[in-house]
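Accompanying notes for the structure given below.
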Amino acid sequence: MPELPEVEVVRRGLERWVAHRSVTDAEVLHPRAVRRHLAGPDDFTQRLKGRHIGTPSRRGKYLWLPLEESNESVLAHLGMSGQLLVQPHEAPDEKHLRVRIRFADALGTELRFVDQRTFGGLSLHDNTPEGLPDVIAHISRDPLDPLFDEDAFHRALRRKRTTIKRALLDQSLISGVGNIYADEALWRARIHYERPTAGFTRPRTADLLTHIRDVMNEALAVGGTSFDSLYVNVNGESGYFDRSLDAYGREGLPCRRCGTPIRRRPWMNRSSYFCPKCQRAPRAAS
DNA sequence: ACCACTACCTGCATGC
DNA sequence: TGCATGCAGGTAGTGG
């Protein structure tokens, strides 16, 4: 379940192992993995040949490899189970290998996109004047971006007629937050996931953002969260933050603050984990 | 215009 | 043992 910290770990790996290499060949083993590339798999591979990779960038859960000497990028989204791996040529193909990219140098490694559930994918796009792939122009800056507009985020919360967890997962309001870090930040801020955003005060918004940034930075420091081993860095290694989770996946276990058993509630075809004592449900709307 | 819900996909755990 | 069901969940598109 790659969210911002996990994607950033991958971005850093690509910066170290893939940046400034030139592509000799790309191979699409499953067309669904490039479905966002509307011109099709053949166009994707043809246009990648001979191109030079720049410094990888990221916004929220999206990352992209700029192609030097042009205004295009290879956009990547890991979906729920996507992996970008730097592997030796001789490593056997992974069961769910979807795309392979080979390079011109003698380093002996290739870039592989592996994705069990194929919710993620790669695609090639023109950049906006800001250097962002055009198809993700609607994605908001993320809370670790120095240019994240905290005031605009607060005003958006006040304007919306929705609840806080929905808002946190709305990538056009704030990006990079998924189900795990939403539950973790709400637990830290002692806010129930169904609290309406319209009543948020400026201090409450600021406090929640501080907790979001804290939990993400702590996860980043230990290589991200690997809840079910599907998430790995470019070298195939798992992170350790799952050991530090306070709410997510802890149904029935004591809240680390007050000892009350953590509850799980079905929510939007997934789950919300929360402490029923620390995170009081809002009064039902009349 | 805004908000909420669902399809998409596969592997694993669980229940009968 | 084998089959069915539920669950994991980010995003874009649809329906209200």
Side-chain angles (χ1 to χ4, degrees), chain A residues 1-8 10-11 28-38 58-64 75-84 93-99 113-123 125 132-140 142-143 155-186 193-200 212 216 224-232 238 242 245 247-252 263-273 285:
Chain A
M1 294 142 251
E3 302 178 31
L4 188 156
E6 294 75 39
V7 178
E8 175 61 16
V10 172
R11 192 203 65 78
V28 176
L29 294 98
H30 195 312
R32 190 176 155 75
V34 294
R35 69 192 178 285
R36 285 194 82 171
H37 190 82
L38 300 179
R58 180 190 56 74
R59 174 177 286 194
K61 303 170 198 170
Y62 284 93
L63 63 83
W64 62 93
L75 179 66
H77 195 288
L78 302 178
M80 290 168 43
S81 55
Q83 306 174 341
L84 281 165
D93 286 3
E94 290 76 8
K95 182 176 181 186
H96 301 292
L97 177 63
R98 309 304 192 192
V99 180
F113 178 70
V114 175
D115 193 357
Q116 175 198 106
R117 299 172 206 169
T118 59
F119 276 40
L122 306 182
S123 47
H125 303 281
L132 191 74
D134 54 15
V135 295
I136 60 163
H138 64 291
I139 301 294
S140 170
D142 60 65
R155 280 184 276 113
L157 289 184
R158 298 279 304 180
R159 190 170 59 241
K160 292 279 180 184
R161 292 297 174 266
T162 188
T163 47
I164 186 58
K165 188 170 170 183
R166 286 179 190 279
L168 291 180
L169 298 187
D170 183 341
Q171 305 295 301
S172 69
L173 299 181
I174 182 171
S175 67
V177 182
N179 202 40
I180 296 175
Y181 294 105
D183 281 1
E184 291 302 304
L186 289 169
Y193 60 99
E194 284 186 321
R195 176 169 285 277
T197 60
F200 267 53
I212 292 171
M216 285 183 165
T225 300
S226 305
F227 200 68
D228 61 6
S229 83
L230 277 180
Y231 163 70
V232 292
S238 294
D242 56 315
L245 295 174
Y248 188 85
R250 299 193 71 245
E251 182 182 19
R263 283 192 191 155
R264 180 177 75 88
R265 285 284 176 274
W267 184 85
M268 293 268 297
N269 290 323
R270 52 204 63 161
S271 296
S272 277
Y273 296 89

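Just so we're on the same page: letters track the sequence lines, and every chain starts at 1.
- Here the closest non-hydrogen pair linking A:Phe113 and A:Gly120 is CZ-C, 3.8 Å.
- Using modelled atom types, one side-chain atom of A:Arg98 and one backbone atom of A:Asp115 make a donor-acceptor pair closer than 3.5 Å.
- Checked by atom type and distance alone, the side chain of A:Glu3 never pairs as donor or acceptor with a backbone atom of A:Lys61 at under 3.5 Å.
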What N/O pairs connect the protein and nucleotides 11-14 of chain C at under 3.5 Å? Give each pair on its own line.
| unit_1 | atom_1 | unit_2 | atom_2 | d |
| --- | --- | --- | --- | --- |
| C:dT11 | OP1 | A:His77 | NE2 | 2.5 |
| C:dT11 | OP2 | A:Lys61 | NZ | 3.3 |
| C:dA12 | OP1 | A:Arg36 | NH2 | 3.3 |
| C:dA12 | OP1 | A:Tyr62 | OH | 3.1 |
| C:dA12 | OP2 | A:His138 | NE2 | 3.4 |

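- Considering all non-hydrogen atoms of both residues, A:Arg59 and A:Ser175 come closest at CG-OG, 4.1 Å.
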Using a 4.0 Å heavy-atom cut-off to protein, can you give one letter per nucleotide of nucleotides 8-15 of chain B, 5' to 3': B if the base is in contact, S if only the sugar-phosphate is, - if neither? BBBS----
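- Between A:Tyr181 and A:Glu6 the shortest side-chain heavy-atom distance falls below 4.5 Å.
- Taking CD from A:Gln83 and NE2 from A:His96, the interatomic distance works out to 9.5 Å, rounded to the nearest 0.5 Å.
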Decide salt bridge (charged side-chain N to carboxylate O under 4.0 Å, His left out) for A:Asp142 and A:Arg58; before the verdict, give the C-alpha distance in whole Å, the side-chain angles of both, and the deciding distance to 0.1 Å. CA-CA 9 Å; A:Asp142 60 65; A:Arg58 180 190 56 74; 3.1 Å; yes
Sub-3.5 Å pairs of nitrogen or oxygen atoms, protein against nucleotides 1-5 of chain B:
| unit_1 | atom_1 | unit_2 | atom_2 | d |
| --- | --- | --- | --- | --- |
| B:dC3 | OP1 | A:Arg161 | N | 2.7 |
| B:dC3 | OP2 | A:Lys160 | NZ | 2.9 |
| B:dA4 | OP2 | A:Thr162 | OG1 | 2.8 |
| B:dC5 | OP2 | A:Arg166 | NH1 | 3.4 |
| B:dC5 | OP2 | A:Arg166 | NH2 | 2.7 |

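- When both pairing distances are held under 3.5 Å, C:dT1 makes no Watson-Crick or G-U pair with any nucleotide shown.
- The side-chain heavy atoms of A:Asp170 and A:Thr162, taken from C-beta on, include no pair separated by under 4.5 Å.
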Let me see the working for A:His125 and A:Trp64 under side chain to side chain contact (heavy atoms under 4.5 Å, CB included), right down to the final yes or no. CA-CA 10 Å; A:His125 303 281; A:Trp64 62 93; over 6 Å; no
Go through the steps to decide whether A:Leu173 and A:Ser140 satisfy the test side chain to side chain contact (heavy atoms under 4.5 Å, CB included), and finish with yes or no. CA-CA 6 Å; A:Leu173 299 181; A:Ser140 170; 5.7 Å; no
